[in-house]
Amino acid sequence: MAEKKKAPAKKTEKKQDMKKEAPVKQEVKKQAPAPAAKAAAPGATTKQEARIGVFICHCGTNIAGSMDIPAVQDYAKTLPNVAYVDNYKYMCSMPGQSVINKAVKEQKLTGVVVAACSPRLHEPTFRTATKEAGLNPFRFEMANIREQNSWVHMHDREGSTAKAKDAIRIAVAKAALLQDLFPKSVPVEKAAMVVGAGVAGMQAALDLASAGIKTYLIESDMSIGGRMSQLDKTFPTLDCSQCILTPKMVDVGRSQNIELMTWSEVDSVEGYIGNFDVTIRKKARGVMTPAQAEAKGIVGGGCNGCGDCENVCPVIKPNEFEVGMKPRKAIYINHPQVVPLIYTIDFKACVKCGLCVTACGPEKRAIDLEAKDEFVKVKVGTAILATGYDIFPIEKKEEWGYKRHENVITSLEFERLICASGPTGGHLVRPSDGETPKRVAFVLCAGSRDNTGVGKPYCSRFCCMYSLKHAHQIIEKIPGCIPYIFYMDIRSFGKAYEEFYYRIQDEGAKFIRGRVANILEDPATKNLHVFADDTLLDRPVDMEVDMVVLAAAIEPKPDTNRTRKLFGVSCSQDGWLLEAHPKLNPCGTTTAGVFLAGVCQGPKDIPDTVAQAEGAASAASIPIHKGEVELEPYFATCIEEKCAGCGMCVNLCPYSALALIEKDGKKVMQVTEAKCKGCGTCGGFCPGGAIWMNHFATPQVVAQIDAFLLGGEQ
Amino acid sequence: MSETGANNKFAFYLGCIAPNRYPGVESASIKAMKKLGVELVPLKGASCCPAPGAFGSIDLNVWYAMAARNLVLAEQMKMDIALVCNGCYKSIWEVNHKLKHNKDLRDGVNEVLKEIDMEYKGSINVYHTAELLYNDKFIGVEKVRDSVTNPLKGARIAVHYGCHLTKPHKDREFEKEVMLNTENPTWMEELVAALGATPVEYRNKMQCCGAGGGVRGYDIVHALDITNEKLYNLEAVKADALTDICPFCQLQFDRGQIEIKEKFGVTHSLPVLHFAELLGLAQGMSPQELGLDLHGISCESFLKKVL
C-alpha cells in the first residue's frame with residue numbers, strides 16, 4: 001500500500017503548485033461548492049445524499065495487466081460519496097452486470113460509475129444495467145481506463161494506476177451530481193434517401209423501396225449505374241457487367257417507391273434522425289422529362305431520347321464515360337443504356353446556337369437553353385451515403401510515364417477498350433498507332449500500397465482480380481497475345497477467386513513478382529521497356545512490351561468531403577468515410593440515422609459492395625419501421641428566472657434550435673429540444689448562467705475539473 | 001531559415017573535382033553569380049565534403065564529422081553555404097539536415113569536433129547554386145534570362161540532373177516544389193531555355209551517369225557501360241551538348257567518352273558543360289576564361305554554334 005500513500009502525496013504537491021502559480025484556478029475552487037449545492041436546481045426532484053457505486057473492470061488482462069486493480073479499488077473507497085466498490089474480470093458480461101444490479105439494490109446506490117473501456121463501446125450496456133437495477137439510466141458515468149489508459153500506458157504500471165485513480169475520482173465527482181433524465185421519442189419520417197446511384201446506391205434504394213419505404217435516390221451524374229456500368233466483365237464469373245447491371249437500373253427507373261433524381265446533388269441537410277430536411281440541387285439539365293414538360297403545359301412533350309438534338313449539335317467534347325476516348329456533343333447521353341433516357345446539356349460547352357431546339361421540334365419542346373438550377377426540399381427519416389470512388393491520378397507516379405508515353409493506359413481505359421460497346425467496339429488497340437498489342441504488361445499496386453507519399457498506403461482491393469480478368473480477356477480475344485503481370489503478391493481472397501487465379505496461370509499469363517521501377521518509351525516504335533526487379537528469380541528485368549496497363553489506385557471522389565460534412569459523417573485519414581465500428585457496425589456512422597454503402601467507406605469489390613448496401617438498407621429501414629426514435633436527452637434548457645432575454649445564444653446556436661419568446665411579460669429563450677444537439681455553445685456563452693446543459697451542466701463539469709485539479713480534496 | 005540573414009552572400013564550398021579538373025566551373029560560378037547579385041566568398045580551410053558514396057558506405061561517423069567540420073567553417077563566417085556539386089550537396093546538406101534534427105547525432109559529432117576546438121551549432125543552410133539560380137527568392141529564372149548577353153540560340157542542350165541533388169526523395173526539402181520531382185523534373189530545362197538554348201528531352205533522362213556511389217572507382221567498365229547507354233540516348237535526339245550540375249557527373253561524361261573509346265572502341269564526341277560554364281558563355285565570358293579548353297572532349301563544335 002506504499003503506492004496509495006505516495007499518490008495522494010503527489011496530489012498535495014500539485015495542489016500547492018496550483019496555489020503558487022495559478023491563482024485563477026483557486027477561484028474555481030472557491031466557487032465550486034456554490035454550484036454544487038445548486039446542482040439539482042432545475043430538476044430539483046430529489047435531494048437525497050449521493051451514494052455512488054464504483055465498478056472496476058479488468059477486461060481480462062487488457063486493464064488488469066497494466067495496473068494495480070486492488071490499489072485502485074482501495075483508493076476509490078476513500079473518495080467522497082462512494083458507498084460501494086467492486087471489481088470484476090469482465091464488467092460487461094452478464095455476471096458483471098449482475099454485480100452492478102445487486103449492489104445498486106443492496107447498497108441503495110444513487111449512481112453508478114464503471115471504470116472500463118471507452119463509453120463509445122459500452123456506455124449503452126451499462127446504462128441498461130443501471131436501468132435494470134432500478135435507477136434512471138442517466139445516473140451512470142463511465143471512467144475510461146482502457147483506451148485512454150492501460151492500452152497507451154501498457155508498460156507504465158505505476159503511471160497507469162495513478163491515472164486510473166484520477167479518472168475514477170473525476171467520474172465519481174460527476175456521478176454524485178447526476179440527475180434523472182428522460183429521453184424523448186420523436187416520430188420517424190417514412191422515407192429514406194440514398195446519395196449516389198452506383199451499384200451500392202441502387203441496391204440500397206431497391207431494398208428500401210421493396211420494404212415499402214419511399215426512397216429518394218440522388219445521383220450527380222446524368223445516369224445511374226456508376227462505375228460498374230463502365231466495366232466490361234466482372235470477376236471471377238466473367239459475367240458481362242452491363243448485362244447484370246442493366247436489369248437493376250431498369251428496376252430503379254420503374255420502382256414506384258423510388259424517386260430518382262439524376263444530375264442532382266445534396267445542397268444542405270438539417271435536422272436529425274427521423275427528421276432530416278434535405279435540400280437537393282437539381283442542376284440545370286436544359287432538357288425536360290415528359291413529366292416536367294407536362295407540368296409546363298406541353299402535353300405529349302419532353303425528351304423521348306430520340307437523339308435528334310445530338311445529331312445537329314456542333315460542339316464536340318471528350319466523353320467522360322469513355323475516359324475521354326470517344327467524342328460526345330454538348331447535348332448528349334454518355335452511353336446508350338442511360339437511365340433515365342433523358343439528354344443533358346453540358347452548359348460549360350454549349351454555345352447556345354439553338355440548333356438542338358429546332359431539331360427537337362414544336363411537339364416535344366424538350367429543350368430549355370435558359371434552364372437554371374432548381375432546389376427541392378424533401379424530408380427523410382434516414383439516409384445512406386454511397387458516393388463511390390475516383391481513379392487516383394496515376395500520372396503523379398511519374399516513373400511509369402502515364403500521359404507521357406502514349407501506350408501506357410489505366411485499367412479503366414482498358415475496360416472501355418475491351419468492351420464491345422466501347423470506343424473501339426471491343427478491340428484492344430495501342431493508342432499510338434491503332435495496332436493490336438501482342439505483349440501487354442500489367443502493373444499492379446500502381447499507386448496502392450505505396451508508402452512514398454505520392455500514392456496511397458492502402459490496398460485498393462480489387463486490382464489484382466480485375467487484372468487477372470484482363471489477362472484472361474486478352475488471351476481470349478487476341479491469339480498469341482501474352483499478358484505479363486508485375487505484382488507484389490496476388491490478393492485473391494474472395495469466394496472462387498483463388499481458383500480464378502489458378503485458371504489464369506494455366507491459360508498462360510506470365511507473373512513477375514516485382515514492383516515496376518521505371519517505364520521507358522522507345523521513341524521509334526513507341527514500344528515500352530518495363531524495368532523491374534524479379535524478386536523470385538533475383539534478377540533485374542527489362543521487358544519490351546507493346547502496351548502497359550496500370551492498375552491505378554482508387555481514392556474518394558472529390559465532392560465526398562463536402563457531402564459527408566453535410567451529413568455530419570467523419571472520414572479516416574485516407575478520406576474514406578468512417579464507419580461507426582470497423583467490425584461490428586460497418587454500415588453505420590457516428591451520426592444516428594446516416595449509413596454507408598459501397599466504396600465510399602473503403603475499397604471493396606462488387607459482391608462486398610452489394611452486401612454492404614443491403615446491410616445499410618436494412619439498418620436504415622429499422623428506425624423507419626419502428627416509427628419513432630429516442631433522442632438522447634442532452635439538450636439545453638433555460639432557467640427562466642435567470643434569463644435576461646438578451647438573445648445572444650439564439651444567434652450562436654449552430655442548429656437553429658433556440659428562439660426568444662414572450663413569457664409572463666418577459667423575454668426568455670426557448671429550446672426546440674429535438675433540434676438541440678447538446679453541443680453546449682449557448683451554455684458556455686450565456687452571460688447570466690441561465691442555460692442548463694442536461695448531463696453536462698456547469699456544476700457537474702466544474703465538479704469534474706475540481707476533482708482533477710484538487711486531487712479530490714474538495 | 002538560417003540565422004545569417006543575408007541572402008546575397010554565400011560561403012562557396014568548392015569540393016574536389018571542380019577545382020582540380022574543371023577550374024572553369026569555379027571561375028564561372030563566381031563571376032556569373034556576381035552578375036546576378038550573389039557573392040560567393042571562398043570557404044577557406046574546407047576539406048573534401050567527404051564523398052558520400054566512398055565515405056558513407058564505409059564509416060558514417062567519419063562522414064558526419066568531416067562534413068560537420070566544413071559546416072562549422074561556414075558557421076564561423078556566418079554565411080550559408082553554396083556549392084556546385086551534387087555529391088557535395090548530399091554530404092553537406094544532408095549531414096546539416098540530420099544534425100539539425102537529431103540531438104544524439106549532434107552531440108556525438110560535437111564530441112569529435114571538440115578535439116579541434118569546434119562546435120557545430122546548426123545555424124546555417126546549404127544550397128546548390130542551381131537551386132539559387134532557380135529559386136526567385138535568391139535569383140530566379142527571370143533574372144538569369146535578363147543577365148544573358150550572348151543567347152545560346154540554336155543550340156540543342158540536354159540536361160543531366162544527376163542523382164544526389166534530388167534523391168533520396170524522402171530526405172529532400174526544397175522550397176520550390178518542382179525541384180522535388182525525382183522522376184521527370186523540368187526545372188533545369190527552364191534555366192537552359194532562359195539562356196536562349198533549346199532544351200531537349202531524351203530517353204531515360206534520370207538515369208545515373210554511372211560514376212556515383214563508388215561504381216567508377218570499383219568497376220569502371222560497368223560505370224562506363226551506363227554512361228555509354230546515356231550517350232547513345234543523347235545522340236539519338238541530336239543534342240549539341242549536355243549540361244550538368246555536378247562535376248563528378250561531368251567527369252564521367254567528359255573523360256568517360258575517352259575511356260569508352262579505349263575500352264569499348266566506341267567513339268562519341270558530345271561536349272559536356274557544367275551549367276555554370278553555360279551561364280558564363282551566355283553572359284559573354286570567353287571559352288578560355290571558362291577553361292573549356294581543359295575539357296576532355298572538345299567543345300569546339302558547340303562553341304561554333306553559339307558564338
Side-chain angles (χ1 to χ4, degrees), chain A residues 392-410 432 441 443 445-457 486 514-533 538-548 550 552-553, chain B residues 97 101 156 158-163 165-190 198-210 212-213 215 219 221-223 225-239:
Chain A
F392 170 73
I394 198 63
E395 61 273 22
K396 283 190 186 168
K397 295 289 290 180
E398 301 213 29
E399 58 267 42
W400 299 324
Y402 180 64
K403 290 195 174 170
R404 272 195 290 132
H405 307 330
E406 284 180 71
N407 294 325
V408 176
I409 65 169
T410 66
S432 66
V443 178
C445 299
S448 304
R449 303 172 73 191
D450 178 321
N451 291 318
T452 61
V454 183
K456 304 289 180 183
F486 290 86
R515 291 204 90 152
V516 172
N518 200 3
I519 295 172
L520 296 176
E521 187 181 58
D522 185 327
T525 61
K526 301 282 179 187
N527 285 351
L528 300 155
H529 284 261
V530 181
F531 293 90
D533 195 19
D538 193 16
R539 66 179 187 205
V541 178
D542 166 6
M543 184 173 292
E544 188 174 350
V545 294
D546 305 322
M547 180 179 240
V548 172
L550 302 176
Chain B
H97 190 70
H101 292 92
R156 293 169 58 81
V159 177
H160 174 76
Y161 282 80
C163 299
L165 180 63
T166 57
K167 290 178 185 176
H169 179 258
K170 65 177 168 58
D171 288 343
R172 290 293 179 269
E173 291 172 359
F174 290 109
E175 289 173 23
K176 289 283 172 187
E177 205 176 326
V178 290
M179 292 186 66
L180 288 169
N181 185 337
T182 52
E183 302 300 335
N184 187 36
T186 52
W187 55 273
M188 274 298 295
E189 277 80 355
E190 285 180 52
T198 307
V200 286
E201 287 291 341
Y202 60 104
R203 191 168 180 237
N204 215 355
K205 181 169 83 175
M206 293 311 288
Q207 194 182 25
C208 172
C209 64
V215 178
D219 183 355
V221 172
H222 199 130
D225 192 32
I226 296 171
T227 315
N228 196 23
E229 190 193 323
K230 280 212 87 162
L231 288 165
Y232 277 129
N233 290 338
L234 286 158
E235 281 159 5
V237 296
K238 300 192 170 55

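What's counted below: heavy atoms across the whole structure, side chains too, no hydrogens, waters or symmetry copies. Below, read A as the first sequence line, B as the second, and so on, with proteins coming before strands; counting in each chain starts at 1.
Here the options are A/N527, A/N407, A/D546, the test is side-chain hydrogen bond (donor to acceptor under 3.5 Å, both in side chains), and the partner is A/S432; only A/N407 passes.
Contacts of A/Y402 classified as ring-ring contact (aromatic ring centres under 6.0 Å, His included), with partners at least two apart in sequence or in another chain: none.
In this structure, the side chain of B/R172 does not engage the main chain of B/T182 through any donor-acceptor pair within 3.5 Å. Checked by atom type and distance alone, the side chain of B/N233 pairs as donor or acceptor with a backbone atom of B/R203 at under 3.5 Å. Not one N or O on the side chain of B/Y202 forms a donor-acceptor pair closer than 3.5 Å with the backbone of B/A158.
B/K205 and B/H160 share no side-chain donor-acceptor pair at under 3.5 Å.
Contacts between residues 392-401 of chain A and chain B, counted as heavy-atom pairs separated by less than 4.5 Å, involve A/E398, A/E399.
Using a 4.5 Å cut-off between heavy atoms, B/N181 touches chain A through its side chain atoms alone.
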